[in-house]
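Working notes, structure below.
Letters A, B, ... mirror the listed sequences (proteins, then strands); counts begin at 1.
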2 protein chains.
Amino acid sequence: MNPPDEDQRRSLMAIPWFAGQAPEQAAALIKAGRLIRRGAGEWLHGEGDEETGLLAVLEGRLKLYCQAPGEREVMIAIMPPGAVMGQSATFGGGPRLLTVIAAADSIVFTLSDRALRQAAADHPGVWRDLAGLLYLQLSTILQLVAVLTALPPRARLAARLLQLEQNLGVADVSQGDLAEMVGVTRKAINGWLGEMARKGWVRLGYGRVEILKPAALRGVVAG
Amino acid sequence: MNPPDEDQRRSLMAIPWFAGQAPEQAAALIKAGRLIRRGAGEWLHGEGDEETGLLAVLEGRLKLYCQAPGEREVMIAIMPPGAVMGQSATFGGGPRLLTVIAAADSIVFTLSDRALRQAAADHPGVWRDLAGLLYLQLSTILQLVAVLTALPPRARLAARLLQLEQNLGVADVSQGDLAEMVGVTRKAINGWLGEMARKGWVRLGYGRVEILKPAALRGVVAG
DNA sequence: GACCAACTGTAACCCAGGTGACGTTCCGCC
DNA sequence: GGCGGAACGTCACCTGGGTTACAGTTGGTC
């Protein structure tokens, strides 16, 4: 719950979304925000924080859960360091839409909507960049929707793996989490990953999947 | 391609998103926009228009298609009159993300990002309302993602029907379109709708589904 | 070093839904 | 009033993945 120190400011400035802004504006935003720490498995907010605003992962990893009808919660994404998210937990008066849980010990930069508005008073460009961020998120999720409706399960798995590795070569996910995200059972995931491993496309680890042949996965996605 | 006339301005002002804004601001936005007409089946843009901005349906009905990997296009939503959408067809340099096609003869209000920025110069509140709109869309699509990953196919169908009827009691969709949105074959849709019809939950028509017992559908969604 | 929790591998059975193809009914247009 | 295209209803076969339950591993913790 502290303002970022010098080191952390530098890390934040390196995040693409901030890096793309006018330097003074980014600095102002960073100054207005707060850092919070969460241990693995901890719930992100809930202490009366404003629940609408921005979220940026500095260290660790956040799991995003979304409320589905019938008491279910689905994990829809995992945010790695550097990811930025515009969030509005309560909008339109409905129940909480998004639940954010730390998957590992994490340091997260948060910026409430109020702080955002204040910063925007001095730097009107904030609004444009916020809109840009939201547009970007919209396209990401839209893409997700397309994948979910159009692709058969195995292709969905491949798409998810590619999305999770993000050129890192490794996706840090358990097969159980993958199953939840893809919307199938862990058994199915396990079987398909086994196939892929036999073909030499991936190497399986404990809570991780190493992608050896991304091109092959892309082939599966394309059908 | 004309500015809205008096009547149409009134219709636009009645759309919730505009209605929620400061009247002068909404008026300025409406004045800055353009109306376009499209016949059923026509492609919405493509004549070199700016492709980022706002879209509001005045009359008719728009189908939203999203590009999925492997040359596939999935219909993800149908916009009824009154729906507003922030769109950014090309963002991040990728290929076209969203394709908009008129499902019936339609009149659509469009507002380019440039016009939006100009209007925002006089009425800074525009940005806040735009962000609000985008947040709202984000939650809608997020909800869609949750439904798609967590729910079994029949529940997805029920959820879609409820979403499409919007308290009108009738969903104007063909079974083929439903199939595409739910991500199953038309045959499956046909069977399930048949079941529901036998139970008296819905009445089937040509290119339409009349919802008689929304509560029963909600039950299916909840599982 | 021992323990516990989380994660991974696997089995037999079953049913939902996909495939591909066909005839029929409905709507709008000429 | 007839025609063409779109939407609906149905068939037989078959694969894929769900279900449930258990055993073997890994890694972190005390």
Atom [atom1] of [X] to atom [atom2] of [N]: distance rounded to whole Å?
X	N	atom1	atom2	value
Ile189(B)	dA7(D)	CD1	C1'	14 Å
Asp172(B)	dA6(D)	CG	C1'	15 Å
Glu180(A)	dG17(D)	CD	C1'	18 Å
Leu157(A)	dG17(D)	CG	P	11 Å
Leu204(A)	dG24(D)	CG	C1'	16 Å
Arg208(B)	dC8(D)	CZ	C1'	15 Å

If only atom types and distance count, is the side chain of Arg156(B) paired as donor or acceptor with the main-chain N or O of Leu151(B) below 3.5 Å?
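Looks like yes, one N/O pair under 3.5 Å.
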Using atom types as modelled and distance alone, determine if a side-chain donor or acceptor of Asp105(A) lies under 3.5 Å from a backbone N or O of Gly39(A).
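A pair under 3.5 Å: no.
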Calculate, to the nearest 0.5 Å, the distance between atoms [atom1] and [atom2] belonging to [X] and [Y] respectively.
X	Y	atom1	atom2	answer
Ile30(A)	Arg9(A)	CD1	CZ	6.5 Å
Ile76(A)	Ile141(B)	CD1	CD1	11.0 Å
Met196(A)	Ile211(A)	CE	CD1	9.0 Å

Asn190(B) side-chain N/O to dC8(D) phosphate OP1/OP2 under 4.0 Å
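Negative; the distance criterion is not met.
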Do [X] and [Y] touch side chain to side chain, with heavy atoms closer than 4.5 Å?
X	Y	value
Gln67(B)	Leu98(B)	no
Val100(A)	Trp43(A)	no
Leu55(B)	Leu44(B)	yes
Trp17(A)	Leu54(A)	yes

Please round to 10 degrees the angle between the axis of the first five pairs and the axis of the last five pairs in the helix from dG1(C)-dC30(D) to dC30(C)-dG1(D).
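If I round to tens, the end axes sit 50° apart.
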Pair Arg186(B) + Glu180(B): basic N to acidic O under 4.0 Å:
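Looking at Glu180(B) together with Arg186(B), the answer is no, because their closest N to O distance does not fall below 4.0 Å.
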Decide, yes or no, whether a salt bridge links Arg37(B) with Glu42(B) under the criterion of side-chain N to carboxylate O below 4.0 Å.
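Result for this pair is no, no salt bridge flagged.
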Which residues satisfy the side-chain contact (heavy atoms from CB on, under 4.5 Å) test with Ala102(A), sequence neighbours excluded?
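Partners of Ala102(A) by the side-chain contact (heavy atoms from CB on, under 4.5 Å) criterion, ordered by chain and then number, come out as Arg38(A), Leu62(A), Ser106(A).
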Taking any atom closer than 4.0 angstrom to a non-hydrogen atom of chain A, what span of DNA chain C does the protein reach, first nucleotide to last?
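Nucleotide range with atoms under 4.0 Å of chain A: dA6(C) to dA12(C).
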Check the surroundings of atom CZ in Arg61(A): do more than 12 heavy atoms from other residues, nucleotides or ligands lie under 6.0 Å from it?
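It does: Arg61(A) CZ has more than 12 such atoms within range.
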Return the 5'-most residue of the pair Arg154(B), Gln175(A) with respect to DNA chain C, ranking by each residue's nearest nucleotide.
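That would be Gln175(A).
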I want to confirm an ordering. Mapping Pro152(B) and Gly191(A) to their closest nucleotides on DNA chain C, which one lands closer to the 5' end?
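The residue whose closest nucleotide sits nearer the 5' end is Gly191(A).
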Mind listing the N/O atom pairs, protein and nucleotides 26-30 of chain D, below 3.5 Å?
{"from": "dT26(D)", "atom 1": "O2", "to": "Tyr206(A)", "atom 2": "OH", "distance (Å)": "3.3"}

For nucleotides 18-20 of chain D, print each protein N/O atom paired with a nucleotide N/O atom at under 3.5 Å, atom names and distance only.
{"from": "dG18(D)", "atom 1": "OP1", "to": "Thr185(A)", "atom 2": "N", "distance (Å)": "3.3"}
{"from": "dG18(D)", "atom 1": "OP2", "to": "Thr185(A)", "atom 2": "OG1", "distance (Å)": "2.6"}

What salt bridge (charged side-chain N to carboxylate O under 4.0 Å, His left out) pairs are there with at least one residue in residues 164-178 of chain B, not counting sequence neighbours?
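Those involving residues 164-178 of chain B are Lys63(B)-Asp177(B), Asp172(B)-Arg208(B).
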